[in-house]
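Positions are given from 1, in the same order as the sequence printed here. Every number for a ligand or one of its atoms is a count from 1 in the order of the listing. Both backbone and side-chain heavy atoms feed into the values below; hydrogens, waters and symmetry mates do not.
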Amino acid sequence: MYSTGNRITWLQGPGANCAGTGPVPPRPWHFVLLGPPGVGKGTQAEQIIAEYGACHLSTGDVFRYAAHDTSGQAPSPAMAVALAAMKRGELVSDATVVELVRERAQCLACRYGFLLDGFPRTLEQAHALDGILARIGRPLDAAINYFAPESLIIERLSGRRVCQQCRTGYHVANKPPRVSGRCDACGGELIQREDDKPEAIRTRLRAYAATCDPVLEYYRRQGLLREIDASSDPKAVFVHTRDVIQKLNRAVSS
Ligand code: AP5
């Protein structure tokens with residue numbers, strides 16, 4: 001059983017050093033997780049990490065970390081624009097996201113491997129990622145795309161709650177906390193993300209639909225795309241995720 005460390009280098013950027021993250025997996029995987037908002041990428045990422053190691057690198061988490069920065073420093077002008085876009089459910093500009101990932105290239109070179117979650121979201125970001133990975137010599141093993149009907153996604157997003165302190169995720173019906181409104185892990189208050197409100201959910205789904213096809217096609221052409229139906233419960237979806245990883249493992253070892 002592995003666990004992601006504090007990911008502080010990813011969340012804060014260069015200059016911050018991650019604490020030790022436990023045993024190094026024998027095979028560091030390099031995956032991007034694709035799929036619409038709320039399909040369950042973060043939920044699958046937790047299980048992939050527990051079983052296979054790898055560090056969870058979510059671009060959304062970097063923005064949320066900046067939004068809740070308690071250092072008293074005002075966000076940079078580019079970050080302030082990004083946070084306003086995110087709150088409305090819109091995509092942040094390619095230039096801002098690519099810069100943020102480029103600054104954190106050391107995380108992509110990490111010996112634990114990585115699960116990039118929410119990046120790339122556009123073809124331009126996919127090209128930029130290839131450039132970064134080529135420079136550091138860490139080719140992608142696969143792009144795993146999760147899909148589910150829109151009605152299910154809306155139900156998942158509107159019921160999601162996150163701990164204000166440790167960011168652990170819950171769902172009011174599918175994954176309720178033991179005590180209503182309180183985090184099982186740290187007792188923190190559970191809140192609804194600003195972009196999980198109905199208007200922002202609609203905007204996010206539209207933004208995803210407008211940019212996803214070229215990205216999927218890009219990875220399909222390279223033979224890297226793996227598709228997983230994410231409409232069943234998280235454990236059942238993980239059976240398919242594990243199957244994909246085991247097939248990749250067999251291909252690498254043969
Ligand atoms: P980001 O944080 O990446 O959000 P997202 O893609 O909208 O995806 P989520 O994290 O909301 O959903 P998820 O698929 O991880 O679902 P989860 O596992 O939590 O990005 C946020 C914003 O940042 C963007 O809108 C944009 O503004 C900006 N941004 C980030 N990256 C960007 C980029 N590259 N370019 C431009 N802008 C960028 O699951 C959801 C809920 O469902 C949970 O409550 C969970 O418990 C439940 N659930 C999960 N799986 C199941 C299941 N199988 N059955 C039942 N319930 C389930």
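- With values rounded to the nearest 0.5 angstrom, Arg242 atom CZ is found 8.5 Å from Gln47 atom CD.
- Short contacts between ligand 1 and Thr59, defined as distances under 4.0 Å to a heavy atom of the residue, involve ligand atoms 30 (C), 31 (N), 32 (C), 34 (N).
- Residues Leu116 and Leu108 are in side-chain contact: their nearest non-hydrogen atoms beyond the backbone lie under 4.5 Å apart.
- Residue contacts with ligand 1 leave out Arg161, since none of its heavy atoms falls under 4.0 Å from the ligand.
- Proximity of Arg167 to Asp61: side-chain heavy atoms (C-beta onward) are nowhere separated by under 4.5 Å.
- Proximity to Arg64 (heavy-atom distance under 4.0 Å) selects the following atoms of ligand 1: 2 (O), 21 (C).
- Residues Pro37 and Ile201 fail the side-chain proximity criterion, which asks for heavy atoms closer than 4.5 Å.
- Taking 4.5 Å as the limit, every side-chain heavy atom of Val162 sits out of range of all side-chain heavy atoms of Thr168.
- Just one residue in the list Pro23, Cys18, Pro25, Cys107 forms a side chain to side chain contact (heavy atoms under 4.5 Å, CB included) with Tyr112, and that residue is Pro25.
- The protein atom (non-hydrogen) at minimum distance from atom 12 (O) of ligand 1 is Gly38 N, 2.9 Å.
- The residue Ala85 has no part lying near ligand 1, judged by heavy-atom distances below 4.0 Å.
- Nearest to atom 46 (O) of ligand 1 by heavy-atom distance, out of His171, Glu90, Met86, is His171.
- Among Gly40, Ser232, Ala230, the residue whose heavy atom lies closest to atom 53 (N) of ligand 1 is Ser232.
- Close approach to Asp233 involves these atoms of ligand 1, each under 4.0 Å from a residue heavy atom: 53 (N), 54 (N).
- The two residues Cys166 and Cys186 have their closest heavy-atom pair at SG-SG, 3.8 Å.
- For atom 37 (N) of ligand 1, the closest non-hydrogen atom of the protein is Val92 N, 3.0 Å.
- Applying the 4.0 Å criterion to heavy atoms of Gly118 picks out, from ligand 1, the atoms 31 (N), 32 (C), 33 (C), 34 (N).
- Taking atom 8 (O) of ligand 1 as the reference point, the nearest protein heavy-atom neighbour is Lys41 NZ, 3.4 Å.
- Using modelled atom types, one finds a donor on one side chain and an acceptor on the other under 3.5 Å when comparing Asp117 with His56.
- The shortest non-hydrogen separation linking Leu11 to Val62 is O-CG1, 4.1 Å.
- Contacts with ligand 1 closer than 4.0 Å are made by side-chain heavy atoms of Arg193 only, the backbone lying farther away.
- Applying the 4.0 Å criterion to heavy atoms of Gln125 picks out, from ligand 1, the atoms 33 (C), 34 (N), 35 (N), 36 (C).
- Using a 4.5 Å heavy-atom threshold, the side chains of Phe63 and Leu83 count as touching.
- Ring-plane geometry between Trp29 and Tyr52 is classed as perpendicular, the angle between the planes exceeding 60 degrees on a 0 to 90 degree scale with a lower cut at 30.
- Within the listing of ligand 1, atoms 9 (P), 10 (O), 11 (O), 12 (O), 16 (O), 17 (P), 19 (O), 40 (C), 43 (C), 44 (O) sit less than 4.0 angstrom from a heavy atom of Arg160.
- If you check which protein heavy atom lies closest to atom 24 (C) of ligand 1, you get Arg121 NH2, 4.0 Å.
- Residue-ligand proximity, Val97 to ligand 1, at heavy-atom distances under 4.0 Å covers atoms 33 (C), 34 (N), 35 (N), 36 (C).
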Next on the checklist: Walk me through whether Leu57 and Val101 qualify under side-chain contact (heavy atoms from CB on, under 4.5 Å).
Outcome noted: CA-CA 10 Å; Leu57 307 179; Val101 175; over 6 Å; no
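- At a 3.5 angstrom cut-off on N or O pairs, Asn174 counts as close to ligand 1.
- Note on ring orientation: taking the six-membered ring where Trp is involved, the planes of His127 and Tyr218 are perpendicular (angle over 60°, cut-offs 30° and 60°).
- Protein heavy atom in closest approach to atom 42 (O) of ligand 1: Arg156 CB, 3.2 Å.
- Annotation: Val237 places no N or O atom under 3.5 Å from an N or O atom of ligand 1; distance criterion only.
- Within the 4.0 Å heavy-atom cutoff, Ala148 does not count among the residues contacting ligand 1.
- The shell of residues lying under 4.0 angstrom from ligand 1, judged by heavy atoms, excludes Gly159.
- In this structure, Tyr170 is part of the shell of residues with a heavy atom less than 4.0 angstrom from ligand 1.
- Not a single heavy atom of Gly169 sits less than 4.0 Å from an atom of ligand 1.
- An N or O contact shorter than 3.5 Å links Gly42 to ligand 1 by distance.
- Looking at atom 49 (C) of ligand 1, its nearest protein heavy atom turns out to be Thr43 OG1, 3.3 Å.
- Counting protein heavy atoms only, atom 7 (O) of ligand 1 is closest to Arg204 NH2, 2.5 Å.
- Under a hydrophobic-cluster definition in which Ile, Leu, Val, Met, Phe, Trp and Tyr are linked whenever side-chain heavy atoms come within less than 4.5 Å, directly or via other members, Tyr208 and Met86 are assigned to different clusters.
- Here the NZ-CG distance, from Lys87 to Asp195, works out to 11.0 Å after rounding to the nearest 0.5 Å.
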